[in-house]
Amino acid sequence: MGSDSKDLLEIEPLELRFPFETKKQISCSMQLTNRTDDYIGFKVKTTSPKKYCVRPNSGIVPPRSTSDVIVTMQAQKEAPPDMQCKDKFLVQSVIVAEGTLVKDITGDMFTKESGNVVDEVKLKVVYVPPPKPPSPVREGSEEGSSPRASLSDGSNLNYQETTRESDEPLFSAVKTHKDQEDYTSETSALIAKLTEERNSAIQQNNKLREELDLLRREVSKQNGGFSFVVVVAIALLGMLLGYIMKR
């Protein structure tokens, strides 16, 4: 495939192999090599645009150079049956004029109506069990399944625009925002409860202070004649006030 002179870009590898693990974001890379003397514009599409993020999802490969593309798969809740994946990728390429900017690369450049000669390379996705010593899956079983994919297979698949990896944080931001809301709600309820208890204690403290001051004034009116009962009452009020203050 790569040695065919009619190909604008050489794509390596032709299988995107992901070491699959549930609830984990996984990335793999592919290299786009331009062995011509022209500037080549490219765009990456996939049959599952919500599942993958691509950086960059479009761009320009200068003459006699290579560009790397990183494909990131969002964390999956569960593994597919028999670890088989039907997702496909499509890399479209077209010759562009020197000086063309990346922002000028649009989907219209890769349509039949544009009049451009568009080269298309299809890639399959393969899930590989994570490398663990006790893994019962043999490499031979995966390698044996590779020849089943042909470049002419899936010509009627619905390839759609991919998203840049910079768009990915939106997935985790939604969950983080919800967690923060739940935490804020619980914290607010606890603060409200503690504030209410503190205000109640302050009110009781002020009431006891008023009663103690009133009792002292009554005793003062008796020309300093403190009775034993009055002294005990004042002492008890003082102890109670101290206990409330400690709370």
Side-chain angles (χ1 to χ4, degrees), residues 1-21 25-36 38-74 76 79-96 105 107 109-112 116-131 137-165:
M1 169 65 191
S3 60
D4 194 333
S5 60
K6 73 176 182 179
D7 298 327
L8 296 180
L9 292 177
E10 293 182 8
I11 314 296
E12 182 67 32
L14 294 177
E15 286 183 347
L16 297 179
R17 301 175 69 87
F18 291 90
F20 188 89
E21 291 186 57
Q25 200 175 69
I26 309 166
S27 297
C28 70
S29 64
M30 58 178 165
Q31 292 76 44
L32 311 183
T33 301
N34 176 10
R35 299 190 185 280
T36 74
D38 298 308
Y39 286 80
I40 307 297
F42 72 89
K43 180 172 285 291
V44 182
K45 295 184 177 181
T46 180
T47 55
S48 302
K50 293 182 180 180
K51 188 175 177 180
Y52 301 94
C53 293
V54 181
R55 185 184 63 184
N57 60 346
S58 62
I60 298 174
V61 185
R64 307 295 174 180
S65 62
T66 298
S67 295
D68 290 328
V69 173
I70 305 298
V71 181
T72 302
M73 180 175 64
Q74 300 300 323
Q76 302 297 301
D82 301 324
M83 292 289 284
Q84 297 298 312
C85 181
K86 297 181 180 180
D87 300 333
K88 306 288 183 183
F89 277 80
L90 178 70
V91 179
Q92 297 177 305
S93 54
V94 66
I95 297 176
V96 298
I105 304 298
M109 299 173 62
F110 303 91
T111 62
K112 293 181 180 179
N116 296 327
V117 177
V118 181
D119 185 29
E120 295 186 341
V121 178
K122 298 180 177 67
L123 300 88
K124 64 177 293 188
V125 176
V126 175
Y127 291 158
V128 182
V137 180
R138 297 180 180 178
E139 287 296 327
S141 61
E142 282 294 339
E143 294 296 336
S145 63
S146 298
R148 292 185 300 179
S150 64
L151 296 179
S152 60
D153 182 30
S155 58
N156 295 325
L157 292 176
N158 180 23
Y159 290 96
Q160 301 178 47
E161 299 284 344
T162 56
T163 58
R164 298 183 305 276
E165 192 175 19

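Here the closest non-hydrogen pair linking Met109 and Val118 is O-CG2, 4.1 Å. The shortest heavy-atom contact between Asp87 and Ser48 is OD1-OG, 2.8 Å. In terms of heavy-atom proximity, Pro56 sits nearest to Asp68 at CD-O, 3.7 Å. Ile26 and Pro19 make their closest contact through CD1-O, 3.3 Å (heavy atoms, listed as atom of the first residue, atom of the second, distance). Listed here is the closest heavy atom pair of Thr36 and Asn34: OG1-OD1, 2.6 Å. Residue Met73 comes nearest to Gln25 through the heavy atom pair O-CG, 3.4 Å, listed as atom of the first residue, atom of the second, then distance.
The backbone N or O of Lys88 sits less than 3.5 Å from a side-chain atom of Thr47, completing a donor-acceptor pair. A donor-acceptor pair under 3.5 Å is formed between the side chain of Gln76 and the backbone N or O of Gln74. Proximity of a side-chain donor or acceptor of Asp119 to a complementary backbone N or O of Leu8 within less than 3.5 Å is detected.
Residues Phe42 and Val69 form a side-chain contact, since some pair of their non-hydrogen atoms from C-beta on lies under 4.5 Å apart. By the 4.5 Å heavy-atom criterion applied to side chains, Phe20 and Cys85 are not counted as neighbours. Residues Asp7 and Val121 fail the side-chain proximity criterion, which asks for heavy atoms closer than 4.5 Å. When side chains are defined from C-beta on, Lys45 does not count as touching Phe110, because their heavy atoms never get closer than 4.5 Å. Put simply, the side chain of Pro62 reaches to within 4.5 Å of the side chain of Tyr39, judged on heavy atoms. With a 4.5 Å cut-off on side-chain heavy atoms, Leu90 and Val44 do not count as touching. The closest side-chain heavy-atom distance from Glu12 to Thr33 is not below 4.5 Å. For the pair Val54 and Ile70, the minimum side-chain heavy-atom distance is 4.5 Å or more.
The CZ atom of Arg35 lies 11.0 Å from the CG atom of Leu9; values are rounded to the nearest 0.5 Å. A distance of 8.5 Å separates OG1 of Thr66 from CD of Glu10, quoted to the nearest 0.5 Å. Here CD of Glu15 is found 11.0 Å from SG of Cys28. Values are rounded to the nearest 0.5 Å. Note that the CD atom of Gln160 and the OG1 atom of Thr46 stand 8.5 Å from one another [nearest 0.5 Å]. Between Arg17 atom CZ and Tyr127 atom OH the span is 13.5 Å, to the nearest 0.5 Å. The distance from the CZ atom of Arg64 to the CG atom of Asp38 is 9.5 Å, given to the nearest 0.5 Å.
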Practice problem: Under the side-chain contact (heavy atoms from CB on, under 4.5 Å) rule, what do Lys43 and Asn57 come out as? Steps first, then yes or no, please. | Solution: CA-CA 6 Å; Lys43 180 172 285 291; Asn57 60 346; 5.6 Å; no
Practice problem: Begin with the C-alpha distance, continue with both residues' side-chain angles, and end with the deciding distance and a verdict on side-chain contact (heavy atoms from CB on, under 4.5 Å) for Leu32 and Ile11. | Solution: CA-CA 5 Å; Leu32 311 183; Ile11 314 296; 3.2 Å; yes
Quiz item: Should Val125 and Leu123 be marked as a side-chain contact (heavy atoms from CB on, under 4.5 Å) after you check the CA-CA gap, both sets of side-chain angles, and the distance that decides it?
Solution: CA-CA 7 Å; Val125 176; Leu123 300 88; over 6 Å; no
Practice problem: Using the side-chain contact (heavy atoms from CB on, under 4.5 Å) rule, take Ile95 and Val117 through it: C-alpha gap first, then chi angles, then the decisive distance, then the call. | Solution: CA-CA 8 Å; Ile95 297 176; Val117 177; over 6 Å; no
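Side-chain contact of Glu120 with Gln92: a donor-acceptor pair under 3.5 Å is present, judged by distance alone.
Taking the six-membered ring where tryptophan is involved, the planes of Tyr52 and Phe18 are tilted, since the angle between them lies from 30° to 60°.
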